Amino acid sequence: MDQNKIRNFSIIAHIDHGKSTLADRLIEYTGTLTKREMEAQILDSMDLERERGITIKAQAVRSSYKAKNGEEYMLNFIDTPGHVDFTYEVSRALAACEGALLVIDATQGIEAQTLANVYLALDNDLEIIPVINKVDLPSADPDRVKHEIEEVIGIDASEAVLTSAKTGLGIEDVLEAIVAKVPAPSGISDSPLKALVFDSKFDAYKGVVLYVRVIDGRIKPGMKIKMMATNAEFEVTEVGVFKPNLVNVDSLEVGQVGFFAAAIKNVKDARVGDTVTDANNPAAEALPGYRKATPMVFCGLYPVENSDYDNLRDALEKLQLNDASLVFEPETSVALGFGFRCGFLGLLHMDVIKERLEREYNLTLITTAPNVIYQVFRTNGDVELVDNPSNFPDPTVIDHVEEPYVNATIIVPKDYVGAVMELSQEKRGEYENMTYLDETRVMIHYALPLSEIIYDYFDRLKSVTRGYASLDYELAGYRASSLVKVDILLNGEPVDALSAIVHREKAVSRGRQLVEKLRSLIPRQMFEIPVQAAIGNKVIARENVRAMRKDVLAKCYGGDISRKRKLLEKQKEGKKRMKQVGSVELPQEAFMAILKMD
Ligand code: GDP
Ligand code: MG
């Protein structure tokens, strides 16, 4: 295939603007799959994923398109995940492309993640083709969206393509725009191999499968390759492309996108962002690669059954093979026993991992409330990173503490500006600026502590704006904050897994809310349980979980045997996610109480 006829592109969009639907239409229109095959494909791929542990869902699809000029083009379409947690995944997909389709919902206009994605595309010098989608809807207003594109993004929108990914309108126009505007790859075919690894998957049979974009040279089976970051060498066993199922090919040529396998056992040897070169004829320099994804959110994971500890470690190790951004290390909690402190890119990432541990590895886990990572400056000059509130040092040895801040972008109809500001102020936000996108919508920038975002900022933002606000944020470094540790005591004993770091001004009110919430969550027992919140030695709040009333007990131990069994079964169910802490049984919800206070 002539290098000039290759087009590598991504689709970027704010969530729900139609990225996946448009991708399906493109695959269908180019005849890569028929409608029936597409349905079958989706079923197939789920089976395949289960059997072979490889996700092949439209990751990097190769299709061919015969353009109106009569020429045949090879299109490599690289899919990107949409959620803010996975922004770094978007950026690595974009680095493998020359162009991007920027999909914008004609009824909504530009949203926060539209902009975040545009910035990533611009960082990668991509040709951006605006696509205004959902024009079939009565409330579609493509002219307003064009105006926003020009005003806010500053790119020419006069040739924006209008589509309905639902009805298929405009799909050919999209393909023609790709052919006409996205530059062909510019690599050199007889230079030493240089290929960018933009993703990897573990396959039980093939080993690690690397998704690559060949920048220079070519890659084919039998070749000895070297990973430039680690210097590890492997022999290529197969190369192929996604159609979107895996199809082996003789070679991947300059500018092409596909996969290869080389009996690599560990994803750590095949880092995403690394450069693959020819071991016998290596390139002089590696490609720029990616910024390493750093975990921002931490929590403790503990097996409900202590005997599952080794199983949990095995499961985490296996998941890490597929996901280098997951970090974990053993930790011991007085309350919860042996477990792991795990680091994630964000809350969604955390939920996904927890869900996979429970579903795929059949574990029942207690999760502690998520927290950010703090920089504690001690009076003796030492600086310490604290990723677990219970390790927060005694206030007397702390000089000051810094916490991570984000730059937040909020897009909202102008009527809600007041509500957004009030909320952001309450969340310790610092107002930066505000611009009008058009007569009705504004974009507001705030610096906000990441911990407040984790806490409940997004939920509250959605509720005060009746769902109209969109939010995007990026880490913006550390700032000094007045933070204290609030401890929780049950029966007078501190429960380390319930400690939380909060702002000094809010410590008392959060302490009160927390003990109240815990009182309502802790099941009554035969004796009264005092629940206290304390800062250092000072108790700031107290509630009591009252003892069970006698007549309730009498009912339990009454004569009706089936009723009693039901009760016991119910208790057993409830116990699944309980942890005995001293003489008190704590349900999973108790550990998350800090996040669920209204
Ligand atoms: P993504 O989150 O950007 O991948 O968005 P999806 O492709 O999942 O689409 C979100 C929703 O919008 C789905 O319910 C789609 O059926 C719908 N949708 C996508 N494109 C169109 C369109 O052109 N017209 C209409 N009416 N609905 C669309
Ligand atoms: Mg989607």
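What you see is a predicted model; the values in this text were computed from it and never measured. Numbering starts at 1 and runs along the sequence shown. Order of appearance sets the numbers: ligands from 1, and atoms from 1 within every ligand.
Heavy atoms of Asp136 found under 4.0 angstrom from ligand 1 belong exclusively to the side chain. If you look at His17 next to ligand 1, the close heavy atoms, those under 4.0 Å, all belong to the backbone. Heavy atoms of Leu137 found under 4.0 angstrom from ligand 1 belong exclusively to the side chain.
By the ring-ring contact (aromatic ring centres under 6.0 Å, His included) test, Phe328 pairs with Phe340, sequence neighbours left out.
Sequence neighbours left out, the pairs with a member in residues 105-127 that pass salt bridge (Lys or Arg N to Asp or Glu O under 4.0 Å) are Asp105-Lys134, Glu111-Arg441.
Counting only non-hydrogen atoms, the option in Gly18, Ser164, Gly170, Ala106 that gets closest to atom 5 (O) of ligand 1 is Gly18. If you check each of Lys134, Gln113, Lys19 against atom 22 (C) of ligand 1, the one with the closest non-hydrogen atom is Lys134.
Residue-ligand proximity, Asn133 to ligand 1, at heavy-atom distances under 4.0 Å covers atoms 20 (N), 21 (C), 23 (O).
Asn69 and Tyr73 share a donor-acceptor pair across their side chains, judged by distance under 3.5 Å alone.
Considering backbone and side-chain N/O of Thr163, none are found under 3.5 Å from N/O of ligand 1. An N or O contact shorter than 3.5 Å is missing between Val135 and ligand 1 by distance.
Applying the side-chain contact (heavy atoms from CB on, under 4.5 Å) test between Val276 and each of Val214, Ile215, Val197 identifies Val197 as the sole match. When each of Val241, Asn8, Val61 is checked for a side-chain contact (heavy atoms from CB on, under 4.5 Å) with Asn76, only Asn8 meets the rule.
Using cut-offs of 30° and 60° on the angle between ring planes, the pair Phe77 and Phe9 is parallel.
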